[in-house]
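So the structure is just underneath, and the comments pick up after that.
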Protein chains: 2
Amino acid sequence: MKKQHITIHDIARELNISASTVSRALHNHPRISQSTRDAVQQLATSYNYQPNVMASSLRKGQSRTVGVIVPRINRNFFANVIGGMEEVLAASDYHLMICQTHEQLENEISAIKTLVNARVDAIILSISLETTDKEHIQTLIDKGIHLFFFDRIFEGINAGSVVIDDRLGAYMNVKHLLEQGYRNIMHVAGADHITIFRARKEGYIDAMAEAGIDVPPGWIMERSLIQEGGESAFLKGLELSTKPDAYFCAGDFAALGVMQAARKRGLTIPDDLGISGFANEPFTAFLNPSLTTVDQRGGEMGKIVAEMFLQCAERSSEQADCEKIVLKPELIVRNSSILNK
Amino acid sequence: MKKQHITIHDIARELNISASTVSRALHNHPRISQSTRDAVQQLATSYNYQPNVMASSLRKGQSRTVGVIVPRINRNFFANVIGGMEEVLAASDYHLMICQTHEQLENEISAIKTLVNARVDAIILSISLETTDKEHIQTLIDKGIHLFFFDRIFEGINAGSVVIDDRLGAYMNVKHLLEQGYRNIMHVAGADHITIFRARKEGYIDAMAEAGIDVPPGWIMERSLIQEGGESAFLKGLELSTKPDAYFCAGDFAALGVMQAARKRGLTIPDDLGISGFANEPFTAFLNPSLTTVDQRGGEMGKIVAEMFLQCAERSSEQADCEKIVLKPELIVRNSSILNK
DNA sequence: TAAAACTGTACAATCGATTGCGCAAAGTTT
DNA sequence: AAACTTTGCGCAATCGATTGTACAGTTTTA
């Protein structure tokens, strides 16, 4: 078996120069003569020399690795974001280290510990549903680790972030329902302490207010945004004094739940009941009727956070900035909300 | 700002002992007295000491990191696999470093270089469509890096692997179509040099043969397994002398393409044309009619590869083994293939 | 009681790359 | 020609943890 990895010392020995000269030559240090540089670089290439990342990381105190923490890797949106980040970061020779929290605070804390431990250069985070307290996140900033949020940010922590304008997305969504003629529009909301869900609720309220409708408390139903949540919200709607004629759900799976429950009760969509969701999960295009929803632009979001980090990393010391980027969401109108007037 | 990270030297200084003693104390080395151990461990805990992974990796020549290379992170199946791996590996304090190839050999090569460079302890790989040559993979084995495949393996390389029995999955799928009464069953196949796609084709041929049907060459249509591929295959089917009454597609997206093309032509599914796919993409449950398909058990696959690696890592030196695990696929019968006889 | 074995710890090298400093040789400036 | 500058490179320390070896003191064995 051949030597596993060659080092600058191997090259140095072969050329009868010192390892430090080799290192400098490889980095095109101006104090090294052109001839030495050429000789070193040529030999390095011919041996297919690859610097040991761990050694240089240790010395330089930075790992060229970015940690990512998401609730679940296998959720379409998060997978898209991660895919986008990987594309951008790989191009700049950064690695990605990925952890999932399964929406549990405990896992989030240990993921942060793990990543800090691995001395990642930055952590990109989308908080779990359980995260209501910022202590564990604050420690990152104290340690001088770059921190960025996407989608699910933690308010009150000064960090760069990329989100879509959830409020606007919800507003456009509900406005569309109103334009179709729906009036008694219920809202299946997510956990209120999560910024994005609160924003979606507010967008809903705004659109309704603009149409002169003052939303009664009972119309807003906070649920877990899964099918069961939608079902439960639909059943709750049956008990209301005002009959719902549409549902705007803060998540697509909840919308699916509403749709299935409604159909089970013999309602026709969109005629008897309009439905819209949020997230543009791939399945929504294939539902029957297809589901109106809002696209969150996951891939772009990932690319943008990654670029934000790269910029920060370049002008290193200047930690301050903390840009906050808000992307425009895209309303996708499909059949579940189109009334044939 | 407080000190960023504390080291064994800090602890050593505080207790007036040497760093090596601290290191041994933390590892419960028998030669260190109980009292010293206690003192060290207590101080370490109180300072929330975290060992510098890079330093110990450098020294020990292993990184406690596993590299994963997949065609695309944001494909449901791969995201599930990665999710499963993360769960298992995180529990054993291993990290995951992820690269995507976008189905391009060039990216696969550079991903391998990157990961080798980062001195990962193992690489878990699902090859790209372009990978027909094994040179870049073989180097891994030569360098003594553990290598595992999942789903898309490279035949002819001796490495651990986890796959589902694609042949059986296809066989069950087609057998089901035959039992429903379909006879002229076309097959939309994937690239033939990829093992899994060839296996699916063979399963198809086997099932047909068992029913006494000798598949004519024209019935097997090799396509890119995306919607357009399905559409194109459907159109091709119109030109055949024998009229197709069903399509078994090696991928769900191709099946979707067939379904949409067929519907555009006024065919009713499953009455005029039966359709089945492969992969159990989430959207298949929501198509109308819902799509019969085969589940690939991504999450389990990820967990199993991860465990396979952990076992290898424990009994370190014994590299040999190279277990090859084959999971039973699950046929999911839905409406797209159920004839009301 | 001398020799052997064990205990508890420190020293120093090591992993591989990086970098401040020093120094000699060559080149420039007054 | 004396006094700087620049050029080209090596030495040695450093990042933090690990580990082989040495060594003094204590205990056991023959």
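Every chain is numbered from 1, with letters handed out A, B, ... down the list of sequences. Computed from a predicted model, the values in this text were never measured in an experiment.
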So, with a heavy-atom separation below 4.0 Å from DNA chain D, the residues of residues 37-65 of chain A are A:L58, A:R59
Within residues 14-33 of chain A, find the residues that approach DNA chain C with a heavy atom at under 4.0 Å, and present them sorted by residue number.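 The stretch gives A:S20, A:S23, A:R24, A:H27 as the residues lying under 4.0 Å from the strand, ordered by number.
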Which pairs pass salt bridge (charged side-chain N to carboxylate O under 4.0 Å, His left out) with one or both residues in residues 19-37 of chain B, sequence neighbours excluded?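 Matches after skipping sequence neighbours: none remain.
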side-chain contact (heavy atoms from CB on, under 4.5 Å) against [X], all qualifying residues, sequence neighbours excluded:
X: A:T101; value: A:I69, A:P71, A:N107, A:E108, A:S128
X: A:S33; value: A:S35, A:T36
X: B:S18; value: B:S20, B:T21
X: B:I153; value: B:F149, B:E155, B:S161, B:V163, B:T195

- Message: Whether A:T36 contacts D:dC9 is assessed here as follows: a side-chain N or O lying under 4.0 Å from the phosphate OP1 or OP2. Is that the case?
- Response: yes
Between the opening five pairs and the closing five pairs of the helix from C:dT1-D:dA30 to C:dT30-D:dA1, how far apart are the helix axes, to 10°?
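Rounded to the nearest 10 degrees, the bend comes out at 50°.
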- Summary of ring-ring contact (aromatic ring centres under 6.0 Å, His included) pairs that have at least one residue in residues 36-85 of chain A, sequence neighbours excluded: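 Residue pairs passing ring-ring contact (aromatic ring centres under 6.0 Å, His included), neighbours aside: none found.
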Pairs under 3.5 angstrom only: tabulate donor-acceptor contacts from the side chains of residues 82-96 of chain B to other protein residues two or more places apart or in another chain.
from	atom 1	to	atom 2	distance (Å)
B:E86	OE1	A:Q100	NE2	3.3
B:E86	OE2	A:Q100	N	3.4

*asked:* Applying salt bridge (charged side-chain N to carboxylate O under 4.0 Å, His left out), can you list everything that pairs with A:E103, at least two apart in sequence or on another chain?
replied: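 For A:E103, the residues satisfying salt bridge (charged side-chain N to carboxylate O under 4.0 Å, His left out) (neighbours in sequence not counted) are A:R152.
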Is a side-chain donor or acceptor of B:Q41 paired with a backbone partner of B:A25 at a separation under 3.5 angstrom?
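Side chain of B:Q41 to backbone of B:A25, a donor-acceptor pair under 3.5 Å: yes, one is there.
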When rounded to whole Å, the CD1 to P distance for the pair B:I11 and D:dG16 reads 13 Å
B:I8 CD1 to C:dT9 C1', in whole Å, measures 14 Å
Side-chain polar contacts of residues 111-120 of chain A - donor-acceptor pairs under 3.5 angstrom, sequence neighbours left out - could you list them?
from	atom 1	to	atom 2	distance (Å)
A:T114	OG1	A:S110	O	2.9
A:R119	NH1	A:V116	O	3.4
A:R119	NH1	A:N117	O	3.0

